[in-house]
2 protein chains.
Amino acid sequence: MRPPTIRDVAERAGVSKSLVSLVLRGSEQVRPEKREAVLAAVDELGYRPNAAARSLSERRTRTVGVLLNDMRNPWFVELLDGLNSRLHDNGLRMLLADGHLNRRLGEDLTRTFTELRVDGLIAVGTLPPSQALRSAAAQVPTVVAGAREPTLPHVDVVAGDDQSGARLATEHLIALGHRRIGHIAGDGVVGALRRRSFETVMREHGLTDLAAVERGDLTEEGGYRATVRLLSAPERPTAIVAFNDMSCVGALSAAEELGLRVPRDLSLVGYDNTYVSRLRHLWLTTVDNASHDVGRRAAQCLLDRIADPTRPAQVVLTTPTLEIRGTTGPPAGS
Amino acid sequence: MRPPTIRDVAERAGVSKSLVSLVLRGSEQVRPEKREAVLAAVDELGYRPNAAARSLSERRTRTVGVLLNDMRNPWFVELLDGLNSRLHDNGLRMLLADGHLNRRLGEDLTRTFTELRVDGLIAVGTLPPSQALRSAAAQVPTVVAGAREPTLPHVDVVAGDDQSGARLATEHLIALGHRRIGHIAGDGVVGALRRRSFETVMREHGLTDLAAVERGDLTEEGGYRATVRLLSAPERPTAIVAFNDMSCVGALSAAEELGLRVPRDLSLVGYDNTYVSRLRHLWLTTVDNASHDVGRRAAQCLLDRIADPTRPAQVVLTTPTLEIRGTTGPPAGS
DNA sequence: CGTACGTTCTGGAACGGTCCAAAGCCGGTC
DNA sequence: GACCGGCTTTGGACCGTTCCAGAACGTACG
């Protein structure tokens with residue numbers, strides 16, 4: 001038994017399929033009694049429009065594809081929430097695909113999305129550079145959210161202002177009295193921006209020589225190892241600015257393992273204000289990127305770009321704030 | 001400029017659209033030179049089949065819809081991974097929708113999926129009971145994964161064996177020498193199963209009177225509050241079996257706040273073996289549900305059910321294991 | 001040489017919607 | 001009564017595929 005089609009509804013209501021279509025799309029030009037007959041028929045048959053048929057005919061899918069870099073890293077949840085709300089308000093649905101899950105399968109997600117003929121594409125987080133994304137972005141309106149790359153001709157970028165975020169974190173520590181400060185660096189453009197900002201602030205305060213940087217890799221493990229390296233220097237830093245919350249948690253573990261109390265012996269600042277940072281037992285001081293807002297704005301950007309695909313690419317940065325919790329305090333000596 | 005269609009490819013290759021279709025679907029009945037001509041044309045034009053047109057004609061979408069209860073709770077990630085790999089092997093793509101994100105928008109996710117005419121539906125985790133899901137399940141092959149409800153006529157259930165999981169946790173604590181043990185209970189059938197199993201094991205060891213149960217709500221906050229209640233009893237428990245990792249983290253915070261050392265003064269067992277439990281700084285002893293396996297089996301179930309939609313519903317349970325980490329040890333007195 | 005039979009290839013009918021030009025209906029005007 | 005114009009309604013073309021019946025083209029055989 002196949003699901004009812006618009007023709008079944010039309011027959012039942014005693015009208016033409018065109019009229020059913022009009023009613024379903026909310027036309028004013030329909031006499032009330034016919035409208036009700038149609039709606040009654042829809043109800044009785046449990047009719048649901050077929051999205052494939054509709055989009056074939058309309059030449060659009062009212063669907064945007066969202067590419068996630070890795071679900072295991074929880075920073076994107078708020079962003080998605082913001083995205084979703086704004087897209088939903090404009091009658092668009094969201095399809096999710098996780099790059100990490102699929103990379104190991106060697107599947108190209110953008111391929112799926114182009115076959116689906118999504119109306120737009122949102123890349124959330126830093127994705128591995130790929131030719132596929134380049135060419136997809138050339139065909140369908142695309143926005144990068146919560147990351148700074150790739151930078152492509154007609155692709156907008158919406159993200160937190162990493163420079164001012166890292167500045168907030170670093171200045172907070174300096175204001176508390178820290179002088180010798182370490183940084184766990186991340187990958188890509190975002191990593192470079194936060195790192196450079198950290199270094200700039202240190203320089204502004206004449207602390208260049210007291211700044212130490214070790215490379216992490218966005219994971220807890222990476223943060224842990226970077227911290228061990230930072231803390232094994234002859235003069236250990238009294239505070240660390242971590243690239244993100246996950247690596248900050250790694251730092252927390254390293255500190256604990258080395259017998260350091262946080263924040264008494266070591267202050268830590270994370271980045272992203274993920275729910276992990278909000279876990280009472282961790283309670284990380286962290287930089288909040290206003291991810292929900294980033295998501296909403298990214299959605300708006302996409303809507304604008306769908307309306308005018310050729311407009312110049314723009315970069316929208318949100319202003320981060322510092323969320324002070326339990327992992328920062330004045331250094332032991334002060 | 002519209003994306004090329006199969007007719008464009010046919011024209012360019014100097015064949016009929018039917019032949020192009022044959023080539024693209026991998027027919028053997030095509031002479032090599034024509035095949036190559038077609039493939040070359042596909043390549044030059046950058047042709048991608050239109051999924052909507054295809055599914056309209058084939059009457060299937062090669063897509064399954066996945067309903068998540070809440071992205072903020074990380075237990076499902078492994079499960080999705082398992083799901084995805086098996087579905088992918090069978091040429092099915094996965095569409096994700098998060099119940100939590102959409103509930104606040106008041107949108108009915110199953111509606112989107114039925115309009116999309118997905119070939120199958122997978123409900124991941126305990127979803128709020130809804131008439132929509134009932135009726136969707138009546139129309140399209142459906143499997144519940146990582147939860148035990150709803151139980152519907154032709155809906156399979158694939159999940160960890162909560163009874164034996166809670167038993168593992170409880171017996172582990174008893175074997176360590178704990179006698180007075182608390183439980184943070186969860187919601188729904190899963191919550192009831194784990195709770196009953198906890199109580200059964202306690203009874204088997206003659207510890208009924210030393211068992212205490214407080215209701216949590218699956219979140220850290222709920223776990224925290226339940227633990228405060230458990231620990232404010234005149235005789236506090238020396239160990240707690242938490243419903244899940246998140247509430248276990250809440251318990252950890254509560255213990256810390258009350259000045260108890262874990263595991264010296266209080267042992268804790270979580271549930272789900274999420275990446276949160278693996279964070280070094282938390283390092284929770286937890287029950288592993290073999291989520292990846294649950295995902296794979298759920299996918300297999302769905303495939304079987306798509307092949308034969310009327311077969312009787314089955315319940316598949318995986319055997320959990322205990323992951324012993326840092327939050328359990330012998331009680332202080334022993 | 002005509003016929004039968006594989007192997008390849010093709011035209012056209014679905015699939016289930018949207019959209020548009022045109023038709024039907026109505027009361028009001030001249 | 002013919003004509004007009006606004007409001008409703010309709011038939012049919014179209015969207016880009018798949019699928020099927022049958023055409024075209026060998027090749028082998030009697």
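In the text below, chain A, chain B and the rest are named by the order of the sequence lines, each starting its count at 1. Just so you know, these numbers come straight off a predicted model, no measurement behind them.
- Residue B:Asn50 has its side chain nearest to D:dG16 when only C:dG16, D:dG16, D:dT8 are considered.
- For B:Leu19 and D:dT17, the CG to P distance is 15 Å, given to the nearest whole Å.
- Applying the 4.0 Å criterion to OP1 and OP2 of C:dT18, one finds that A:Arg59 has every side-chain N and O outside that range.
- Listed nucleotides: C:dC15, D:dT9, D:dT17. Nearest to the side chain of B:Tyr47: D:dT17.
- Taking a 6.0 Å sphere around CZ of A:Arg134, one finds it holds 12 or fewer heavy atoms contributed by other residues, nucleotides or ligands.
- Crowding of A:Glu11 atom CD: a count of heavy atoms from other residues, nucleotides or ligands under 6.0 Å not exceeding 12.
- Between the side chains of A:Ser55 and A:Arg59, not a single donor N or O lies within less than 3.5 Å of an accepting N or O.
- As judged by a 4.0 angstrom heavy-atom cut-off over every strand, A:Arg2 is placed among residues touching the sugar-phosphate backbone only.
- If B:Glu28 and A:Pro3 are placed on DNA chain C by their nearest nucleotide, the residue sitting closer to the 5' end is B:Glu28.
- Comparing A:Ala52 and B:Gly14 along DNA chain C, the residue whose closest nucleotide (by nearest heavy atom) sits nearer the 5' end is B:Gly14.
- Listed nucleotides C:dG16, D:dT10, C:dC9 differ in distance to A:Val15; the shortest reach to its side chain belongs to D:dT10.
- Here D:dC15 presents its C1' atom at 14 Å from NZ of B:Lys17, a figure rounded to the nearest Å.
- With rounding to whole Å, A:Lys34 atom NZ is found 11 Å from C:dC25 atom C1'.
- For the pair A:Arg35 CZ and D:dT9 C1', the interatomic distance rounds to 14 Å; values are reported in whole Å.
- Of all non-hydrogen atoms in B:Ala145 and B:Ala298, the two that sit nearest each other are CB-CB, 3.8 Å.
- At a threshold of 4.0 angstrom between heavy atoms, the contacts of A:Ser18 include nucleobase atoms, whether or not backbone atoms are also involved.
- Between the CG atom of B:Leu56 and the P atom of C:dA13 there is a distance of 17 Å, rounded to whole Å.
- Comparing D:dT9, C:dC19, C:dC15 by their nearest atom to the side chain of B:Ser57 picks out C:dC15.
- As rounded to whole Å, 14 Å separates atom P of C:dG16 from atom CD of B:Glu58.
- In this entry the distance linking CG of A:Leu116 with C1' of D:dT17 reads 14 Å, nearest Å.
- Distance from the side chain of B:Arg25 is smallest for D:dC19 among the nucleotides D:dC19, D:dG16, C:dT18.
- B:Leu24 and B:Val42 get closest at one heavy-atom pair: CD2-CG2, 4.1 Å.
- With distances taken from any side-chain atom of B:Gln29 to the nucleotides C:dG16, D:dC15, C:dT8, the minimum falls on C:dT8.
- Between the CZ atom of B:Arg117 and the C1' atom of C:dG17 there is a distance of 10 Å, given to the nearest Å.
- Among C:dG12, C:dC19, D:dG16, the nucleotide with an atom closest to any side-chain atom of B:Arg7 is D:dG16.
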